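Report on the following structure.
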Amino acid sequence: MADRYPFTKIEAKWQQYWEENKTFKAIDNLTDKPKYYILDMFPYPSGAGLHVGHPEGYTATDIFSRYKRMRGFNVLHPMGWDAFGLPAEQYAIETGTPPSIKTAENIATFKRQIKSLGFSYDWDREINTTDEKYYKWTQWIFLQLYKKGLAYQAEVAVNWCPELGTVLANEEVIDGKSERGGYPVIRKPMRQWMLKITEYAERLLDDLDNLDWSESIKDMQRNWIGKSEGADVVFPVDGFEDLSLEVFTTRPDTLFGATYMVMAPEHPYLQTITSAENRSAVDSYRQKAERKSDLDRTDLAKEKTGVFTGSYAINPVNQKRIPIWVSDYVLMSYGTGAIMAVPAHDTRDYEFAQAFELPIVEVVSGGDISQEAFTDIEDGVMVNSASQDGDFSIDGLKPSVAIGKTIEWLEKTNKGKAAVNYKLRDWLFSRQRYWGEPFPVLHDGDNSIPLSTSDLPLTLPVLERIKPSGTGESPLANAKEWLEVVDPETGKVFKRETNTMPQWAGSCWYYLRFIDPHNEDQAWDPEKEKYWMPVDLYIGGAEHAVLHLLYARFWHKVLYDLGFVSTREPFRKLVNQGMILGTDGEKMSKSRGNVINPDEVVAQYGADTMRLYEMFMGPLERSKPWNTSGIEGVYRFLNKLWRHFIDDSGELIQLSSEKPDAETLTVIHASIKKVGNDLDNLAFNTAISQLMVYSNHMRDLDTVPREAFETFVALLAPFAPHMAEELWSLLGHETTLAYQAWPVYDESHLTTKTVTLAVQVNGKVRAQIEIDVDADKDAVLKAAHDQAPIQQHVEGKTIVKEIVVPNRIVNIVVK
RNA sequence: GCCAGGGUGGCGGAAUUGGUAGACGCAGUGGACUCAAAAUCCACCGGUGGCAACACUGUGGGGGUUCGACUCCCCCCCCUGGUACCA
């Protein structure tokens, strides 16, 4: 394309200006302006560099930050690096390059790329999770959790991946294989640090209600927490005086339909209650289940399997003896690890009962249990549900009512009690890796001794070569000198922890560190925290919808309980940007060869075009494909603008000092209104289209009034800040546009004298009339009936009804 | 299976409380400029029929409510994301 505007020069000039003048420095505790904290999910600086997906969210927050500054807010808009993590460690193992070196290189690349887009970050607040000055405070927070009794160690059957030489979190295992690399994963018990997030389940659930997050994200979190209400019921085991099985059920109303019980293979009582003649079958089943991966136990296990234990339980409502089975469809990790099976009214039990020909007894009528389990709790009616002595009956009730009645009875007779269960499990908080935050604890045999704050940070030892320990422990097991600590007084030897923290740790609280990033005495200053928190707008990818946001909320609540933060929730408003797909409509990936490199886009079209295009593609939250000729469109828009106002010698053309005409005033004020409203709603695509309408209007004028152009430049500023600054200075202004007041619209210019109304006959548009605004009904109808096409369509018919919606539409109904 | 979000021209997408469907941009077609091309500028641009005026039709499919439905209600289909034996 010829005659391209000199974006390279302009962009470099203004980026330098902003940096030198610290234009975007956020001032703490500034009281004459309202504060606004706008946060991006900070990136993991991978070796591949920035991807066009990253700048989408960053552009959105940047435009919003610039807009908010022009609206008079004191904006905090920081950026940093979530730089611990497996890839750098894998790279170190393969090449010998220390993770710290590789990480620094990657950060430099990311930073250069991010800066090339002209984002208005306060770079003085840059943080890096791998910096010991940062992770000192990550360790400090761990100590707070530990002291509060929320961190504990447990032997947990974890996901051991022999290839990676590490244990993976559940979310890192997909279909029984490692998320990274796709290596097989097996279950192996190891000593692990756990965090008691389950203790906060209820609050994490309740406080979602007041957050300005999309319902879908809130729902994902609700589902993840997975609260179920029901009852714990005690079933005595026949022949074992002091042994009973406790089960959790959400359907205590169906107790009379419980025809057998099932224990998880790992259930601690299984061995005890197994009869001699069933022992070998049960043992072999249990051993088989132990070896099964999660994949085998879930996805591929279409067929129910199980073995009878030889023992019977007594159903507490009717004293019936029911067989106790063992099956892996019951999980030890949920509820009590044992269930009462009600095949008539539970799909899984139904399948199991059919497979093993166990009795199916209907206790809720309304379905057809010869075909499938009937699980509705609103439409059915309880039947066959009365004790023989007649002292308890729920017959005739709706199941949803019977649930409560049964719980009352269970509590009264001491056979059970109301109970709540969550799907949420405690958080497995350690990794067998080098490149993570070391745990600030010492081990003395089975005792753990936390370090004191004054001993922090506990830094990572510099290893000559990072290699797996081979034992399942992290490479830190190879660092003998670091590992052993000798008490100078007693000579006693303590051992350090070889586990390190997961990547989530650093990202759980970074938004707090941005508030006070250089504080060496505390994690953050409470006064600054009170001033800046909560984060007013948080934008990032939907891949963090559950875990990162749940973990961060959990830590935040703990910090709140300890008095370190002043808000119950960290992120007031959350928006997830959609994915940017390749030109083929597929997810961008190296293997598909459809990756767009932002560096090339910036080199070819400039940062302003890149920013504008990413926002013009469609609604922020939706996924949308990249289109190479689409970017030409916005590029053309900027070029036309430049050519229209800047002559060949680089000077501003002559603008008119006249007042804009009425039509132009309408465009100006309608644009101020629409662009502002759209920005408030993060509807960047429609805001940009309004700017195009505005610009097209100016193109059609013989001479452009200065007022029209200046207002336009101000509205353009958040979107294409480099060009806007340049035009602003060519307009003769000497200060940055960054804090220029956002234009104010005047409603009086938005109302015109006349309005065009559509006239419909039977709902079909047949004519248009131009009429005075707020003309009365009779005048409107008269004008309508004067239209030839209307007369034509009405002629010879009876007018049934005439509808006039003022300034909107006329509809004449005829028969 | 369950939960959430979507289906609008050739494409990305617009449409306040139900009130002229297709803003804006891309692609395409025709024209101007040019020796020519690129760039630029102007015009057209959902489909069918018609020289045209215009008519009919059209927002995943089928019903309904309404003077009027992309918008509200019911049923169904498809796509995307999440989740998956959670008792």
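Lettering of chains follows the sequences in order, A, B, ..., and the numbering in each one begins at 1. Treat the numbers as computed from the prediction; the structure is a model and nothing was measured.
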Mind checking [X] for me? I need base, sugar-phosphate or nothing, with any heavy atom below 4.0 Å counting as a touch.
{"X": "A:Gln768", "result": "base"}
{"X": "A:Val805", "result": "base"}
{"X": "A:Asp349", "result": "nothing"}
{"X": "A:Ser214", "result": "nothing"}
{"X": "A:Thr756", "result": "base"}
{"X": "A:Pro619", "result": "sugar-phosphate"}
{"X": "A:Glu802", "result": "nothing"}
{"X": "A:Ser216", "result": "sugar-phosphate"}
{"X": "A:His793", "result": "sugar-phosphate"}

Counting only heavy atoms from other residues, nucleotides and ligands, does the tally under 6.0 Å from CD of A:Glu663 exceed 12?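 Not more than 12 within 6.0 Å, no.
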
Contact between A:Phe616 and A:Ile631 at the side-chain level, heavy atoms closer than 4.5 Å - yes or no?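 No, too far: nothing below the 4.5 Å cut-off.
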
As a test of reading the structure: which of [options] is closest to the side chain of [X], going by heavy atoms?
{"X": "A:Tyr334", "options": "B:G13, B:A87, B:C24", "value": "B:A87"}
{"X": "A:Ser629", "options": "B:A27, B:A87, B:A4", "value": "B:A27"}
{"X": "A:Lys801", "options": "B:C67, B:G81, B:A87", "value": "B:C67"}
{"X": "A:Asn811", "options": "B:G19, B:U40, B:G12", "value": "B:G19"}
{"X": "A:Lys304", "options": "B:C85, B:U20, B:G6", "value": "B:C85"}
{"X": "A:Arg766", "options": "B:A55, B:G19, B:A4", "value": "B:A55"}
{"X": "A:Thr686", "options": "B:G81, B:U57, B:A14", "value": "B:A14"}

For [N], does either OP1 or OP2 sit under 4.0 Å from a side-chain N or O belonging to [X]?
{"X": "A:Lys423", "N": "B:A84", "value": "no"}
{"X": "A:Asn685", "N": "B:A14", "value": "yes"}
{"X": "A:Asn696", "N": "B:G25", "value": "yes"}
{"X": "A:Arg222", "N": "B:G82", "value": "no"}
{"X": "A:Ser228", "N": "B:A87", "value": "yes"}
{"X": "A:Arg699", "N": "B:U40", "value": "no"}

Would you please say whether a donor-acceptor pair under 3.5 Å links the side chains of A:Tyr605 and A:Glu632?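 On atom types as modelled, these side chains qualify, holding a pair under 3.5 Å.
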
Do the side-chain N and O atoms of A:Asn627 and A:Ser629 include a donor-acceptor pair separated by under 3.5 angstrom?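 Checked: A:Asn627/A:Ser629 side chains pair up, N/O donor to acceptor below 3.5 Å.
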
Testing A:Leu358, A:Thr259, A:Val262, A:Thr309 one by one against A:Pro323 for a side-chain contact (heavy atoms from CB on, under 4.5 Å), which residue passes?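 Among A:Leu358, A:Thr259, A:Val262, A:Thr309, the one meeting side-chain contact (heavy atoms from CB on, under 4.5 Å) with A:Pro323 is A:Leu358.
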
If I compare all heavy atoms of A:Ile790 with all of A:Val759, which pair ends up nearest, and what's the gap?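 Smallest heavy-atom distance, with atoms named: CD1-CG1, 3.4 Å.
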
Would you mind reading off the distance between A:Ile803 atom CD1 and B:U20 atom P, rounded to a whole angstrom?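 Rounded to the whole Å, the gap is 14 Å.
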
Nucleotide forming a Watson-Crick or wobble pair with B:C2, both distances under 3.5 Å: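 Pairing partner, where one exists within any strand: B:G82.
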
Has the side chain of A:Arg636 got a donor or acceptor that lies under 3.5 Å from a partner of the other kind on the base of B:U40?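 In this structure, the two groups form no donor-acceptor pair.
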
